[in-house]
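Worth saying up front: this structure is predicted, and the values here are computed from it rather than measured. Atoms considered below: every heavy atom in the structure, side chains included; atoms not considered: hydrogens, waters and symmetry mates.
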Amino acid sequence: MTPTPHEVLLFVLEGQRYALPSADVRELARAVSLTPLPHAPDVVEGLLNLRGKLLPVLDLRRRFRLPPRPLSPSDHFIIARAGPRDVGLRVDRAEGLLSLEPGTLDETPRELPGVGYVAGAVKLPDGLVLVHDLRTFLSEAESLALASALTAVPGAS
C-alpha cells in the first residue's frame, strides 16, 4: 500500500493532468533519444542514459491507452522510483509540485474496480487529478521480463 503523499508532482499527458507522489520522484530531465531494449515488456519505451546510468523509460501513453506520439524535444522525463528500481516516465510536460492539505487526497479511486495504478485523487479548482502509484505500475510478469531484459545490458539497472 502506498503511504499517503503530502506533496505531488503534477504533469500533463495528452492534455490531461496527472500526479505522482513527490517522494517517488528523483528528478526531471529533458527528453532525449532512447535506445530500444530488446525483449522488454511493451510498456517499456526504451533505455535512457542518465549520466552513465541506464534506466528503462516506461510508456505512460501505452499504459493509459492514449494515442502514441513520437518523442518530442519538448517532452520531459520524470525520473522516479517504481518499486525496486528507478525508471523514467516520458510526459508532455511537468508542471511542478503541489502541497496537499490534510484530507485533500481522496483514496476512493484506488479501491474501484478497473482503476489501476492509482493511489488516490485530488480535487483542484480546475478539475480532478489522479495520483498514480508507481509501485503497482508494472505487473509481476512485466517486472520479471524487464529484469531479464536489463540483465543483458551492462550498466542497466
Asker: Mind checking whether D133 and V118 have side chains closer than 4.5 Å, heavy atoms only?
Answerer: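 With C-beta onward as the side chain, the pair stays apart.
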
Asker: Quick one: does L55's side chain get under 4.5 Å of L47's, heavy atoms only?
Answerer: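 No. Closest side-chain heavy atoms not under 4.5 Å.
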
Asker: If every non-hydrogen atom of L128 is compared with every non-hydrogen atom of A121, which pair is closest and at what distance?
Answerer: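 Closest pair (atom of L128, atom of A121, distance): CD1-CB, 3.8 Å.
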
Asker: Would you be so kind as to tabulate the donor-acceptor pairs closer than 3.5 Å made by side chains of residues 96-105, with sequence neighbours excluded?
Answerer:
unit_1 : atom_1 : unit_2 : atom_2 : d
T104   : OG1    : E101   : N      : 3.4
T104   : OG1    : E101   : O      : 2.7

Asker: Do you know which two heavy atoms are closest between L71 and A31, and how far apart they sit?
Answerer: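 Shortest heavy-atom contact: CD1-CB, 3.8 Å.
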
Asker: As an exercise, state the distance from CZ of F64 to CG of L130, rounded to the nearest 0.5 Å.
Answerer: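 Those atoms lie 8.5 Å apart.
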
Asker: For the hydrophobic clusters of this structure (ILVMFWY residues joined by side-chain heavy atoms under 4.5 Å, transitively), does one cluster hold both V32 and V57?
Answerer: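 Yes, because V32 and V57 connect within a single hydrophobic cluster, where side-chain heavy atoms sit under 4.5 Å apart.
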
Asker: Is the shortest side-chain N to carboxylate O distance from R51 to E27 below 4.0 Å?
Answerer: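 Judged by the 4.0 Å cut-off on N to carboxylate O distance, R51 and E27 do form a salt bridge.
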
Asker: Using 0.5 Å steps for rounding, measure from the OG atom of S143 to the CZ atom of R85.
Answerer: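 The CZ atom of R85 is 6.0 Å from OG of S143, to the nearest 0.5 Å.
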
Asker: Identify the heavy atoms of A149 and V153 that sit nearest to each other, and give their distance.
Answerer: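 For A149 and V153, the tightest heavy-atom pair comes out as O-CG2, 3.9 Å.
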
Asker: Treating S22 as the side-chain partner and E7 as the backbone partner, does any N or O pair qualify as donor plus acceptor under 3.5 Å?
Answerer: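 Here the side-chain-to-backbone pair exists.
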
Asker: Atom CZ of R90 and atom CG of L34: how far apart are they, to the nearest 0.5 Å?
Answerer: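 Nearest 0.5 Å value for the CZ-CG distance: 7.5 Å.
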
Asker: Roughly how far, to the nearest 0.5 Å, is the CG atom of D42 from the CD atom of E142?
Answerer: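 Those atoms lie 8.5 Å apart.
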
Asker: Would the number of heavy atoms belonging to other residues, nucleotides or ligands and lying under 6.0 Å from CD of E140 be above 12?
Answerer: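 12 or below, so no.
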
Asker: Within a strict 4.5 Å, meaning less than it, do heavy atoms of the R93 and F11 side chains meet?
Answerer: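 No; the side chains remain at least 4.5 Å from each other.
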
Asker: Any heavy-atom pair between the side chains of V91 and L60 that's under 4.5 Å?
Answerer: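 L60 reaches V91 side chain to side chain.
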
Asker: Does a side-chain N-to-carboxylate-O contact under 4.0 Å join D24 and R81?
Answerer: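 No salt bridge links D24 with R81.
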
Asker: What verdict does the side-chain contact (heavy atoms from CB on, under 4.5 Å) test give for L138 and L146, after you've listed the backbone C-alpha separation in whole Å, the side-chain angles of each residue and the deciding distance to 0.1 Å?
Answerer: CA-CA 9 Å; L138 293 176; L146 177 57; 3.9 Å; yes

Asker: What is the distance from atom CZ of F77 to atom CG of L28, rounded to the nearest 0.5 Å?
Answerer: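 Going from the CZ atom of F77 to the CG atom of L28 covers 12.0 Å.
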
Asker: Any side-chain heavy-atom pair from L89 and L134 closer than 4.5 angstrom?
Answerer: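 Yes, close enough: below the 4.5 Å cut-off.
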
Asker: If Ile, Leu, Val, Met, Phe, Trp and Tyr residues are connected whenever their side-chain heavy atoms lie under 4.5 Å apart, and connections chain through other members, are L124 and V131 in the same group?
Answerer: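 Yes, same cluster.
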
Asker: For R26, is there an ion pair with D86 - N to carboxylate O distance below 4.0 angstrom?
Answerer: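 Judged by the 4.0 Å cut-off on N to carboxylate O distance, D86 and R26 do form a salt bridge.
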
Asker: Test R69 against D75 for side-chain contact (heavy atoms from CB on, under 4.5 Å), laying out the working first.
Answerer: CA-CA 11 Å; R69 183 173 63 76; D75 290 344; 2.7 Å; yes

Asker: Do the charged groups of D92 and R61 touch, with an N to O distance under 4.0 Å?
Answerer: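 Here D92 pairs with R61 in a salt bridge, since their nearest N and O are under 4.0 Å apart.
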
Asker: Take L10 and L20 through the side-chain contact (heavy atoms from CB on, under 4.5 Å) test and state the conclusion after the steps.
Answerer: CA-CA 7 Å; L10 296 172; L20 290 172; over 6 Å; no

Asker: Does L66 reach the side chain of Q16, with side-chain heavy atoms less than 4.5 Å apart?
Answerer: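 Result no, sub-4.5 Å side-chain heavy-atom pair not found.
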
Asker: So do the side chains of E95 and V12 get within less than 4.5 Å of each other, counting heavy atoms only?
Answerer: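 Heavy-atom side-chain distance check passes, below 4.5 Å.
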
Asker: Identify whether NZ of Lys or CZ of Arg in R63 sits under 6.0 Å from the centre of the six-membered ring of F137 and within 45° of that ring's axis.
Answerer: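 The answer is yes; both the distance and angle limits are met.
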
Asker: With side chains defined as the heavy atoms from C-beta onward, is the minimum distance between T35 and N49 less than 4.5 Å?
Answerer: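 Counting from C-beta outward, T35 and N49 never come under 4.5 Å.
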
Asker: Please walk me through it: do L150 and L54 pass side-chain contact (heavy atoms from CB on, under 4.5 Å)?
Answerer: CA-CA 9 Å; L150 288 172; L54 301 179; over 6 Å; no

